[in-house]
Amino acid sequence: MSEVRTRFSPSPTGALHLGGAHTALFNWLIARHYQGTFILRIEDTDQERSQEKFVTEILDALTWLGLNWDEGPYRQMERLPIYQDYINRLLASGAAYYCNCPPQDAKARQAAITRGEKPRYDGHCRELNLPAGPDTAVRFKTHHTGVTHWDDQIKGPIAFENLELDDLVLQRADGIPTYNFAVVVDDITMGVTHVIRGEDHIPNTPRQLLIYEALKVTPPFFAHMPLMLGKDRAKLSKRHGALSAMAYRDQGFLPQSLVNYLARLGWSHGDQEIFSREDLIKYFTLKQVTKSPGVYDEEKLLWLNSHYLKEMPAPELARELTPFLAAQGITGPDQAYLARVAPTLSARCKTLVEMAAAARFYFLDPRPYEEKAAKKFLTPAAAPTLKEIAARLASLPDVSEEALNRLFTGLAQSTGQKMASLAQPVRVALTGKTASPGLYEIIHILGREETLRRINHGIEFAARGAA
RNA sequence: GGUCCCAUCGUCUAGGGGCCUAGGACACCGCCCUCUCACGGCGGAGACACGGGUUCGAUUCCCGUUGGGACUACCA
């Protein structure tokens, strides 16, 4: 096979959401798998809704996800002369014609659908041979007979009766091309070999195929991916709380989690669930893409994220965690200290946001204590125990985890108290909570001095029943 | 409404005629580990939408039904 060229072509009318990231990933993966080229194209012909800030956001999101592009970003609005050239060819060959009918009214169209009618252009100007002029659009002269079909690389053979298609507008009255025409011209001129997009584009494909035919160009392969659905099984959208890729970053997800999750939605490689980027590039082919749509499941994404959090080396984890600490009021944390802190938290947290919150006590005084925790464990009865622990801790030669283990188990044996009744009051004094990383590792990281300070505060609280 | 797409545990999926007593993963439940919470380990519950064919034999192939979805613009 000659060079494989895929493209991702978002319209900058919103941020890059999960569905878009899914499509972008599949295109990127195919390009990388076949050592081809991944093209980025901005489809900004909708002047009304396109915004420059979304272009920036989309580029940032793709970059964050690690979906680097080899060509582009091309912008359709910068390619107007190219489309005009192709329009002229179609006009010249009689495959297109001018039309000055008023644009179809959106409301009227909806009404027609609910009435059970098919809203389609009546072909009024089809044979009128109108010249160019103001308020004049260019329409495609669709064959009324025959069948248009293709062998979809994911879905298999798909066919449409040409009679079902009407004469679509190729170029608006203002000279700007419409989607179905611009894609074809772009995919031709950019040498795209595999058009991989959501299955919501299936109905567009026969129209585009007819344009290829009129242009006498061999069409690329088409592959229509299964859509990503919300819990209600409808196409994922804002009302499902579908977030932009960047929002996932802000919620403490790692890009590798998202990439792994998105790759496994609609694609599989045997029973494997965890895929490195290299694995994905090595194994990803269209053959293993499923036909049926998949429901977005945040629990599984969360599981993947916790997996990658656990697996991440401490220094890197410290670096990733740093920006999230700011929200906790912790700025410019010592990276070496944070690199000791982070691994104690990584198995207990599913996102960086959670982890930053859980890291709080390592940097800040745990008071005020969590009310229930203090009430249950920092009781007057616990005060003597805490004092004894403080005393023994003060005279401990070193605060290694082994030494601490001996201290606590020794105390448990000599006093006959359960470990839990020894550990929990200390835990609350040190962290303000009943759940935390292991006591010995906390003490070891906090250091003897800080630990004693906090235990003493705990003793004060326990003695007088208040902070 | 019309056209098109889809159909295995709640979810993501493996399997594409006999290997299926249908496998894995998330979530769920139980047990173990244990200073708490997690991690981890072990175990459990849980699916081939329905009806016809084809075949010695269908989860797997064909048709239909049902269900779900997408599209139906001078949006992309």
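Throughout, a chain's letter reflects where its sequence line sits, starting with A, and its residues are numbered from 1. Treat the numbers as computed from the prediction; the structure is a model and nothing was measured.
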### Message
In whole Å, I'd like the distance from the OH atom of A:Tyr179 to the C1' atom of B:C74.
### Response
16 Å
### Donor on one side chain, acceptor on other, A:Thr142 and A:Arg207, under 3.5 Å
no
### Query
How far does the C1' atom of B:C33 sit from the matching atom of B:A49, given to the nearest Å?
43 Å
### Query
What's the closest nucleotide to the A:Gln424 side chain, out of B:C12, B:A14, B:C35?
B:C35
### Task
Select base, sugar-phosphate, or nothing to describe what A:Lys310 touches, counting heavy atoms under 4.0 Å on all strands.
sugar-phosphate
### Query
Does some side-chain heavy atom of A:Tyr308 sit less than 4.5 Å from a side-chain heavy atom of A:Met312?
no
Report each atom pair, protein N/O against N/O of nucleotides 3-8 of chain B, whose distance is under 3.5 angstrom.
residue	atom	partner	partner atom	Å
B:C5	O2'	A:Lys155	NZ	3.0
B:C5	O2'	A:Glu199	OE1	3.3

### Message
Would the distance check show the side chain of A:Asp44 and the main-chain N or O of A:Ser50 forming a donor-acceptor pair, the cut-off being under 3.5 Å?
### Response
no
### Task
Specify the separation, in whole Å, of atom NZ of A:Lys287 and atom P of B:G15.
11 Å
### Task
Send over the distance from A:Lys372 NZ to B:U36 C1', rounded to a whole Å.
14 Å
### Message
Measuring only the C1' atom in each nucleotide, how far is B:G67 from B:C31? A whole number of Å is fine.
### Response
40 Å
### For A:Lys300, salt bridge (charged side-chain N to carboxylate O under 4.0 Å, His left out) partners two or more places apart
A:Glu273
### Message
Given 3.5 Å as the limit, does a donor-acceptor pair link the side chain of A:Thr344 with the main chain of A:Arg340, or not?
### Response
no
### Query
In whole angstrom, what separates A:Glu401's CD from B:C35's P?
14 Å
### Message
Quiz question: by atom type and distance under 3.5 Å, do the side chains of A:Ser400 and A:Asp398 form a donor-acceptor pair?
### Response
yes
### Message
Going by side-chain hydrogen bond (donor to acceptor under 3.5 Å, both in side chains), A:Asp167 matches just one of A:Arg139, A:His124, A:Arg126. Which one?
### Response
A:Arg126
### Query
Do the side chain of A:Arg348 and the base of B:C37 come within less than 3.5 angstrom through a donor-acceptor pair of N or O atoms?
yes
### Message
Between A:Arg139 and B:C74, is there a contact of a side-chain N or O with OP1 or OP2 at under 4.0 Å?
### Response
yes
### Task
For A:Tyr74 and B:A76, give me the distance from atom OH to atom C1', rounded to whole Å.
20 Å
### Query
Is A:Arg41 paired with A:Glu43 through a side-chain N to carboxylate O contact shorter than 4.0 Å?
yes
### Message
Each nucleotide in nucleotides 24-34 of chain B should get exactly one letter: B, S or -. Can you fill that in based on protein heavy atoms under 4.0 Å?
### Response
BBSS-------
### Residue pair A:Thr45 / A:Tyr179, side-chain heavy-atom distance below 4.5 Å
no
### Task
Select base, sugar-phosphate, or nothing to describe what A:Thr45 touches, counting heavy atoms under 4.0 Å on all strands.
sugar-phosphate
### Task
For A:Glu354, check salt bridge (charged side-chain N to carboxylate O under 4.0 Å, His left out) against everything at least two apart and list the hits.
none
#### Entry: A:Gln84 side chain to A:Asn88 side chain, donor-acceptor N/O pair below 3.5 angstrom
yes
### Task
Could you check which of B:C12, B:C35, B:C74 has an atom nearest any side-chain atom of A:Ala423?
B:C35
### Summary
Between CZ of A:Phe361 and P of B:C37 the distance, given in whole Å, is 16 Å
### Plane angle bin for A:His269 and A:Trp267 - parallel if under 30°, tilted between 30 and 60°, otherwise perpendicular
parallel
### Below 4.0 Å: OP1/OP2 of B:C75 and any side-chain N or O of A:Thr178
no
Side chains of residues 283-291 of chain A: which donor-acceptor partners sit under 3.5 Å, not counting sequence neighbours?
residue	atom	partner	partner atom	Å
A:Thr290	OG1	A:Gly266	O	3.3

## Note on the structure
Between A:Ser11 and A:Cys349, whichever has its closest RNA chain B nucleotide further toward 5' is A:Cys349
### Task
Using a heavy-atom cut-off of under 4.0 Å over every strand shown, decide if A:His201 touches base, sugar-phosphate, or nothing.
base
### Query
A:Glu43 side chain: which of B:U13, B:A76, B:C35 is closest?
B:A76
### Query
For RNA chain B, what residues of residues 436-446 of chain A have any heavy atom nearer than 4.0 Å?
A:Ser436, A:Pro437, A:Gly438, A:Leu439, A:Tyr440
### Task
Give A:Asn204 one of three labels, base, sugar-phosphate or nothing, depending on what nucleic acid heavy atoms sit under 4.0 Å from its own.
base
### Query
Within less than 4.0 Å of OP1 or OP2 of B:C12, is there a side-chain N or O belonging to A:Arg233?
yes
### Query
NA contact type, A:Ser306, heavy-atom cut-off 4.0 Å: base, sugar-phosphate, or nothing?
nothing
### Task
Would you indicate which nucleotide in B:C12, B:A76, B:C71 comes nearest to any side-chain atom of A:Lys235?
B:C71
### Query
Roughly, in whole Å, what's the span from CG in A:Asp152 to C1' in B:A70?
14 Å
### Message
Rounded to whole Å, how long is the line connecting atom NE2 of A:His224 with atom C1' of B:G69?
### Response
15 Å
### Task
Identify whether the glycosidic angle of B:C6 places it syn (within 90° of 0) or anti.
anti
